[in-house]
Amino acid sequence: MSSRLRRALAAGATAALALGLAACSSPSSDAEGGSDEPVRFGVALPDTGNSAQYGEYFRQGLDLAASELNADGGIDGRDVELVYEDTQADPAQAPQVAQKFIDDASILAVLGDFGTPATSAASQLYQDAGLVQFAFSASGPDVTDPGDFVFATWVSQEFEAPRLAEFAAETGTDAAVFYHDTDWGQETYGFFQQGEQEYGLNEVYATAYDPESTDFRPLLLAAQKTDPEVIVLISYAADGALITSQARELGIDTPIVGISSIYNQQFIELAGDAAEGVRTLSYFTPENDDPAVQQFISDFEAATGEPTPSDYAIRAYDALYAVAQGAERADELTRQGLRDALDDGEPFTSILYGEYTLDDTRRVSDAEQFPLVIADGAFTIQ
Amino acid sequence: MDILLAGLVGGSAYALIAVGVSLVFGVSNIVNFAHGAVFAIGAMLSWWLSGPAGLPIWLVAPAVIAITGLLGWAVYLLAVRPLRRAPGIAVLLATFAVGVILDNLSLKIFGAQTRRLESAFPRDNFELFGFRFGTLSLVIIGVSLVCVAALAWLLGRTKTGRAIRATSQDQEAAQQMGIPVERIQALSFVIASALGGIAGLLVGMYTSNVSPGMGFLAGLQGFAAATIGGLGSIAGAVIGGLLLGVAEALGVSLWGDSVRQLITFGSLLLVLWIRPGGLLGRVPSIASEPMTGTFFGAGKPLRLPPWLGVAAAAVLALLPLIASDYFLRAGSQVWIYALFALSITLAGGFAGQIVLGQAGALAIGAYTSAILVTRYDWGFWPSFLAAGLAAGVLQVILTAPTWRLRGHYVSMATLAAGAFVAALALNLPELTAGSRGISAIPRPELFGVRLGSADSMYWLTLGLLLVGVVLVLRLGSSRLGRVWAAVREDEVAAASAGLHPASYKSLAFGLGSVLAGFAGALYAVQVTFIEPKQFDVSLSVLAVTIAILGGLRTPLGAIVGAAVLVGVPELFRPLADWRLLLYGVLLLALILLRPQGVWADSPWLRERWARLRGRPSERDPVHVGDAAAGGSDSAVVAGGER
């Protein structure tokens, strides 16, 4: 063995030492849940990075749901405990976090991640390890394909996007479409195009855009030249608001229709007066007079100080309740037992969808949406 | 016409950011990566002061200027002053670390949400050729022009200005003439950062949405604009910004938003190919200061006794028997990044070229392998070889005109090339699936066994890394390695000895890119999902950081660096949203305390150790580099104790 090789190996040893320290310091409890041990769920979410605000929404909903569950006696008398791990919603980091949850035997199921890419990047690991991945914020049509341990509660864009085309066609025939240049945006736009044909919407302009862009004026000017009767936004709240306000500044007063992801008070805060008249379809509206919904809204304000919960906070809240309801139904509280209970075809209760069941691909097949319009700084039923 | 105007108005935003970048470069010869972060803080501060704090606009502006100016001073004190005797690249990395710290501090202070910054001026009260714009746009252009005029006056007519110009021309001579060089440099940081703050305020008002994460990309665009105009030239920065704005607006309106970065980095690359000094700048003289300098003589690799090497190999290979799967997955991640950083060792440590675009090579490797495996049913191993080959060839072609340059310009050209590759991946959807990315990349097979489990991936990556390390060690001590060393230490002398430095630099870079391509293929099968966003500039910076902090002159440095910089963030996981902040602090601390690398000889430590053992220090025959490192080390220590 040459001395160079030996030196190489020596350096490797130091690296291993550093890694070893890393491994030792990460807390992991291998204890199988005794009767008074808390029931622990992992949450993979973006705490930092460009999607961090969605992580904040998740925490709002999850913390509220956990404290309510514990105040009601927890699951089988055991407290619910959430273990948060930051993935930055980055597909390169999601598998690391997944493996960490898998190794921690006390984790019964994992909720998250934000967006389809980060969620899908971890799915195969969860499936192979037999740990439930409960994806509540991923709408890709293939999200649950990796196997029977992957669940998803966002209605697939397969249903939602064509409905958006139908909704836009009520406003005008010639449409200019702005969509995210992301996995989600491309997928959604594909299904939207199918809806265009079905409902006679004529696409005069379509463009993909980077959600982190800040100057949409060149795109809006190009769209304006095609004389659209309606502008369709396949956007999130922040970038959708930016396009809306810049369009109005340019003097473009074409009506704007947005996908359900823009349903967020943030859209109105960011777009200001320009938001008036923008329409969207949403599963949630504060005007829903269901007492459970009204109770949730007031509890949410008491807990977070925010009068209007975001769509993402509600989805997170519902997700923890769904997993908790599964855990209550499970014959034995193990990873496999929980999976079987979630997949037993029985209904779940939720704020967003009311009562719902999961279909045989372990998804919410479809749900009713409310047509909303922004008037006087609030989403109202149109 | 309306689009042209939209471009001019948008470009004036770049111009305002570019002025700050250019000023600092002109005075201190430093590419300030923290500038984007200061810009973002300026924007968030403006929101907080005018919104929740309820200050009137005529108070907000001075407050933002004062706070960001102070911030600039802090950046100077933290990242620049302690490293004034260290090579340029250490300062560049230090400003990057400060940028990470500032971004994450801002995230903690202001929250992650995107906010609305109300404009103090109307945004839509004028119309020209059918394009509506507002007083705000005129203010932005006006402020850029006033900056040019004011700085021209300051530089041309005042004593301070003369001192600044003298400092930018020759720091040492200026120092000898009694000019307080440090104060002048600090002043340039304060002015530039205050300008960044103003840019944050105005550009934030123009786009109307501000968020803590908006700085990094804006900083890069400002940097591109400044380089296109000519680094160091204030008027050039403005012209570069406007040009870039117009080019982007025209391109985006024709081909859509995804070409934006293609245009930004494509034009940056073109300018560096054709006219590296930029439109208004001076063409850099061949004598411009090298990034690594002879200082890296100080990075003399440590030697370990042989028995320790054997023991270490055994420990590493046997780890999977006791370690958890999570640990092993983190381990394979570390080995992949170590292989990636080896490419920097080749180009930087051996040939002395600091390349900042190796994420491009990683991307080419990852995409080549993933496309061949998923679409053409190639096996992993042939695709692995193809990945290395493609990365090497494409990177060499992309950077071919670069190698006659030196110092910062090599770094910038490779940075542009790397970012250009990622932008290409986004814009060639037929080939790369564009923003959708390639998913479900199958795990590799070896002798018919699928290597999906944590321990087999660990062994695979460790094995390939060790092969890479041995190859690089051999190369370093070969005749070729000595030629590289000659080019690194003195390019002019090497050229006059009949060597062709540009070819040898390109060769080192090409071979390095082959290694990065191999690492890319491994990255693809480790992550199993790739999209263009994963290969951004911070990944390139990470590779350089790993190699330099580990010890640039030895392949072992790449391993140590990867363990520290990829392994330790995993260690910080329990800290949740404090994680990246602490990572930035760790990075900065490492750069300040060990600019020559962890895996390098430290005379100071050696002396302490000898004293502890009660023996007088047995110093090697003193190298010039050793003395320099000793000097900078003790300066840092003294600074710490004060």
Side-chain angles (χ1 to χ4, degrees), chain A residues 3-16 18-19 21-23 25-27 47-48 50 52-53 56 84-86 91-92 95-96 99-100 102-103 117 120-121 124 181-183 186 207-210 212-215 217-219 221-222 238 242 245 249-251 266 269-270 272, chain B residues 2-3 6 10 107 112-114 116 123-124 132 207-209 213 217 249 252-253 256-258 304 306 308-313 315-316 319 323-327 329-331 334 435-437 439 466 469-470 473 527 529 531 534 556 559-560 563-564 567 570-571 573-574 576-577 579-580 599:
Chain A
S3 69
R4 267 181 251 112
L5 180 58
R6 264 178 249 129
R7 246 179 292 144
L9 297 172
T14 353
L19 272 171
L21 288 172
S25 74
S26 49
D47 273 327
T48 56
N50 286 327
Q53 63 170 306
E56 284 185 3
Y84 291 103
E85 286 286 353
D86 178 22
Q96 284 302 320
Q99 190 67 55
K100 191 167 182 192
I102 290 166
D103 286 1
S120 294
Q124 198 59 52
D181 196 5
T182 59
D183 183 64
Q186 301 272 3
T207 188
Y209 69 90
D210 180 349
E212 280 159 44
S213 285
T214 49
D215 189 3
R217 290 170 179 85
L219 293 174
L221 290 170
L242 201 48
S245 67
E249 272 162 35
L250 289 171
Q266 188 195 22
E269 281 160 19
L270 292 177
Chain B
D2 48 354
I3 288 168
L107 190 68
Q113 298 228 4
T114 305
R116 179 179 174 84
R123 273 191 285 241
D124 54 356
R132 291 241 301 236
T207 57
S208 80
N209 281 14
L217 187 60
V252 164
S253 69
D257 196 50
S258 54
L304 277 190
L308 206 56
V310 180
V315 169
L316 274 187
L319 263 181
S324 71
D325 280 0
Y326 166 62
F327 172 80
R329 292 241 186 247
V334 170
S435 56
R436 276 175 188 232
S439 55
L466 289 181
V469 166
V470 172
L473 278 170
V527 177
F529 172 81
E531 58 173 356
Q534 293 170 10
L556 312 189
I559 301 180
V560 177
V564 174
E570 282 296 328
L571 173 90
R573 268 210 188 284
D577 50 348
R579 188 163 68 101
L580 279 179
W599 198 258

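The sequence lines fix the lettering, A, B, ..., with proteins before strands; numbering per chain opens at 1.
- Closest heavy-atom contact between A:A238 and A:L270: CA-CD1, 3.6 Å.
- With a threshold of 4.5 angstrom between heavy atoms, A:L221 approaches chain B through side-chain atoms but not through N, CA, C or O.
- When each of B:G437, B:S435, B:S258 is checked for heavy-atom pairs under 4.5 Å with chain A, B:S435 comes out on top.
- Residues A:D215 and B:G10 share a closest heavy-atom pair of OD2-CA, 3.8 Å.
- Within the 4.5 angstrom heavy-atom criterion, atoms from both the backbone and the side chain of A:E249 approach chain B.
- Looking at A:E56, only its side chain comes within 4.5 Å of chain B, counting heavy atoms on both sides.
- With a 4.5 angstrom heavy-atom cutoff, A:A208 touches chain B only via backbone atoms.
- For the set A:Q96, A:Q186, A:E269, the entry with the most heavy-atom pairs within less than 4.5 Å of chain B is A:Q96.
- Interface remark: B:Q534 contributes side-chain atoms only to the contact with chain A (heavy atom separation under 4.5 Å).
- Looking at heavy atoms from C-beta onward, A:L219 lies in side-chain contact with A:Y209 at the 4.5 angstrom threshold.
- By number of non-hydrogen pairs under 4.5 angstrom with chain B, the leading residue of A:T207, A:L250, A:T214, A:D181 is A:D181.
- Contact count against chain B (heavy-atom pairs under 4.5 Å) is highest for A:E85 among A:E85, A:E212, A:Q124.
- Closest approach of B:N209 to A:L242, counting heavy atoms only: CG-CD1, 3.7 Å.
- Note on A:S245, A:A92, A:P95: by heavy-atom pairs under 4.5 Å with chain B, the leading option is A:A92.
- Of the N and O atoms on the side chains of B:D257 and A:S213, at least one donor lies less than 3.5 Å from an acceptor on the other residue.
- Comparing B:T114, B:V527, B:I3, B:V252 by heavy-atom pairs within less than 4.5 Å of chain A, the highest count is held by B:T114.
- For B:E531 (side chain) and A:P117 (main-chain N/O), no donor-acceptor pair under 3.5 Å exists by modelled atom type.
- Between the side chains of A:Q53 and A:Q266, at least one donor-acceptor pair of N or O atoms lies under 3.5 Å.
- When all heavy atoms are compared, the tightest approach of A:A121 to B:F529 is CB-CB, 4.5 Å.
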